Enquirer: 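I am attaching a structure below and will ask some questions about it afterwards.
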Amino acid sequence: LVMVTRKGIIKRTHLSEYRNVRRGGLIAIRLDDDDALCGVRLTYGDNELILATRMGMAIRFHETQARSIGRTAHGVRAIRLNEAKGDAVVGIARVREGATLLTLSESGKGRRTEISQYRLQSRGGKGITNYKNGMIAGIKIVDEDDDIILISDDGIIIRFPVAQINVQSRYGSGVRVMRLAEDSHVVT
């Protein structure tokens, strides 16, 4: 399992560490008081990962750069954030051959991008620009035949095919995928 927190901490733990679950549960990750878990992905030990931040940065690295550690450990830095401006990790994605990266903004715009546009880097860096036109709500690795569900902060839910979203470069602003009320935002 690969876990990522909002403050950019990543932790890899063998799945076998979770085989004997007690009635009261198990500690999966030790978090700082002002941090929260934002994503968990099942990986196979040789995957590449992409992390995206709310302020539009992304980093792609090989999961082996974060060594596997025990359940109660804290983890290591996955991406360096601009915390002074309120940046936080919003998503983690496991790279798949032939798929694209869907980036969704809080304002309801979406864009698919070829994975090759995100160069492989070392864990712990600042990353590269992923999106410039607003704050990011989330990312997801998608295939042409997938459907996506968006939820706004005022409870509106829509579902539509990913194929309706254009494949653009990392510098593209995307297309409108969800119409929102004046003060609403996409949350997931």
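Being a predicted model, the structure only gives us computed values, none of them experimental.
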Enquirer: First locate atom CZ of Arg67, then atom NZ of Lys11, and finally report the distance between them rounded to the nearest 0.5 Å.
Expert: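 Between Arg67 CZ and Lys11 NZ, I get 11.5 Å after rounding to 0.5 Å.
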Enquirer: Who are the salt bridge (Lys or Arg N to Asp or Glu O under 4.0 Å) partners of Glu114, not counting sequence neighbours?
Expert: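 With neighbours one apart ignored, the set is empty.
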Enquirer: Residues sharing Tyr118's hydrophobic cluster, by side-chain heavy-atom contacts under 4.5 Å among ILVMFWY, directly or via others?
Expert: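 For the cluster that includes Tyr118, the remaining residues are Ile50, Val95, Leu101, Ile115, Ile128, Ile139, Ile141.
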Enquirer: How far apart are the closest heavy atoms of Cys38 and Gly91, and which atoms are they?
Expert: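 So the minimum-distance heavy-atom pair works out to SG-N, 4.4 Å.
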Enquirer: Does Val186 sit in a hydrophobic cluster with other residues, and if so which ones, taking ILVMFWY side chains as linked at heavy-atom separations under 4.5 Å, directly or through other members?
Expert: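 Leu102, Leu104, Val142, Ile148, Leu150, Ile156, Ile158, Phe160, Val162, Ile165, Val175, Val177, Met178, Leu180, listed by chain and number.
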Enquirer: Within this structure, what is the CE-CG distance for the pair Met3 and Leu31, rounded to the nearest 0.5 Å?
Expert: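 Here the rounded value is 9.5 Å.
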Enquirer: Among Gln121, Arg80, Arg119, Arg123, find the residue that satisfies the side-chain contact (heavy atoms from CB on, under 4.5 Å) test when tested with Ile59.
Expert: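 Per the side-chain contact (heavy atoms from CB on, under 4.5 Å) rule, the option paired with Ile59 is Gln121, out of Gln121, Arg80, Arg119, Arg123.
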Enquirer: Going from CD on Glu48 to CD on Gln65, what distance comes out if it is rounded to the nearest 0.5 angstrom?
Expert: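 Atom-to-atom, Glu48:CD and Gln65:CD are 10.0 Å apart.
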Enquirer: Hey, are the side chains of Thr53 and Val90 touching, using non-hydrogen atoms and a 4.5 Å cut-off?
Expert: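 SC-SC contact between Thr53 and Val90 ruled out.
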Enquirer: Kindly write out the residues that satisfy salt bridge (Lys or Arg N to Asp or Glu O under 4.0 Å) with Arg94, not counting sequence neighbours, or none if the list is empty.
Expert: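 Expected list: none.
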Enquirer: Where do Ala78 and Leu51 come nearest, in terms of heavy atoms and distance?
Expert: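 Smallest interatomic distance, heavy atoms only, reads CB-CD2, 3.5 Å.
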Enquirer: Taking all atoms of both residues into account, what is the closest heavy-atom pair of Gly127 and Met57, and its distance?
Expert: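 Looking at all heavy atoms of both residues, the closest pair is O-CE, 3.6 Å.
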Enquirer: Do His62 and Thr64 have side-chain atoms, one donor and one acceptor, less than 3.5 Å apart?
Expert: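 Distance-only check passes for His62 and Thr64.
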Enquirer: List the residues meeting side-chain hydrogen bond (donor to acceptor under 3.5 Å, both in side chains) with Thr13, not counting sequence neighbours, and say none if there are none.
Expert: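 Thr13 satisfies side-chain hydrogen bond (donor to acceptor under 3.5 Å, both in side chains) with no residue once adjacent residues are dropped.
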Enquirer: If the condition is salt bridge (Lys or Arg N to Asp or Glu O under 4.0 Å), which residues does Asp146 pass it with, not counting sequence neighbours?
Expert: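 For Asp146, no residue satisfies salt bridge (Lys or Arg N to Asp or Glu O under 4.0 Å) once neighbours in sequence are set aside.
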Enquirer: Looking at every non-hydrogen atom in both residues, tell me the closest pair between Val76 and Ala66 and how far apart they are.
Expert: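 Taking every non-hydrogen atom into account, CG2-CB, 4.1 Å.
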Enquirer: Please round to the nearest 0.5 Å and tell me the distance separating atom OH of Tyr131 and atom CZ of Arg111.
Expert: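 Answer for the OH-CZ pair, Tyr131 versus Arg111, is 7.0 Å.
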Enquirer: Val2, Ile79: one ILVMFWY side-chain cluster at the under-4.5 Å cut-off?
Expert: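 Cluster IDs for Val2 and Ile79 match.
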Enquirer: Could you give all pairs that pass the side-chain hydrogen bond (donor to acceptor under 3.5 Å, both in side chains) test and reach residues 167-186, with sequence neighbours left out?
Expert: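 Output for this query lists Asp154-Ser184.
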Enquirer: What residues form a side-chain contact (heavy atoms from CB on, under 4.5 Å) with Leu26, not counting sequence neighbours?
Expert: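 Once residues adjacent in sequence are excluded, the partners of Leu26 under the side-chain contact (heavy atoms from CB on, under 4.5 Å) criterion are Tyr18, Val21, Arg22, Arg71.
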Enquirer: In terms of hydrophobic clustering (I, L, V, M, F, W, Y; side-chain heavy atoms under 4.5 Å; direct or indirect links), are Val89 and Phe61 co-clustered?
Expert: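 Yes; tracing contacts between hydrophobic side chains, which count when under 4.5 Å, links both residues.
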Enquirer: Give every residue pair that meets the salt bridge (charged side-chain N to carboxylate O under 4.0 Å, His left out) criterion with at least one member in residues 97-108, sequence neighbours excluded.
Expert: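 For residues 97-108: Arg54-Glu106.
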Enquirer: Hey, quick one: are Ile29 and Leu42 part of the same hydrophobic cluster, counting side-chain heavy atoms closer than 4.5 Å, chains of contacts allowed?
Expert: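 Shared cluster, yes.
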Enquirer: Test your reading of the model: is there a side-chain donor-acceptor pair from Arg60 to the backbone of Leu120, 3.5 Å cut-off?
Expert: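 No, because the side chain of Arg60 does not come within donor-acceptor range (under 3.5 Å) of the backbone of Leu120.
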Enquirer: For Arg112, enumerate each residue passing the salt bridge (Lys or Arg N to Asp or Glu O under 4.0 Å) test, keeping only those at least two apart in sequence or located in another chain.
Expert: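 For Arg112, the residues satisfying salt bridge (Lys or Arg N to Asp or Glu O under 4.0 Å) (neighbours in sequence not counted) are Glu144.
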Enquirer: Quick one: which residue pairs count as a side-chain hydrogen bond (donor to acceptor under 3.5 Å, both in side chains) with a foot in residues 29-47, not counting sequence neighbours?
Expert: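 Sorted pair list: Thr5-Asp35, Lys7-Asp34, Asp32-His74, Thr43-Glu63.
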Enquirer: Considering non-hydrogen atoms only, spot the tightest contact between Asp143 and Gly98 and give its length.
Expert: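 Closest heavy-atom pair between Asp143 and Gly98: OD1-O, 4.3 Å.
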Enquirer: Look up atom CG in Asp87 and atom CD1 in Ile136, then write down how far apart they are to the nearest 0.5 Å.
Expert: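 Going from the CG atom of Asp87 to the CD1 atom of Ile136 covers 10.0 Å.
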Enquirer: Clusters formed by hydrophobic residues whose side-chain heavy atoms approach within less than 4.5 Å: which one holds Met135, and what are its other members?
Expert: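 Reading the cluster by chain and number, Met135 sits alongside Met55.
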Enquirer: Check whether any side-chain heavy atom of Thr113 lies under 4.5 Å from a side-chain heavy atom of Thr100, and answer yes or no.
Expert: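 They are not in side-chain contact.
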Enquirer: Going from OG1 on Thr129 to NZ on Lys126, what distance comes out if it is rounded to the nearest 0.5 angstrom?
Expert: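 The NZ atom of Lys126 is 10.0 Å from OG1 of Thr129, to the nearest 0.5 Å.
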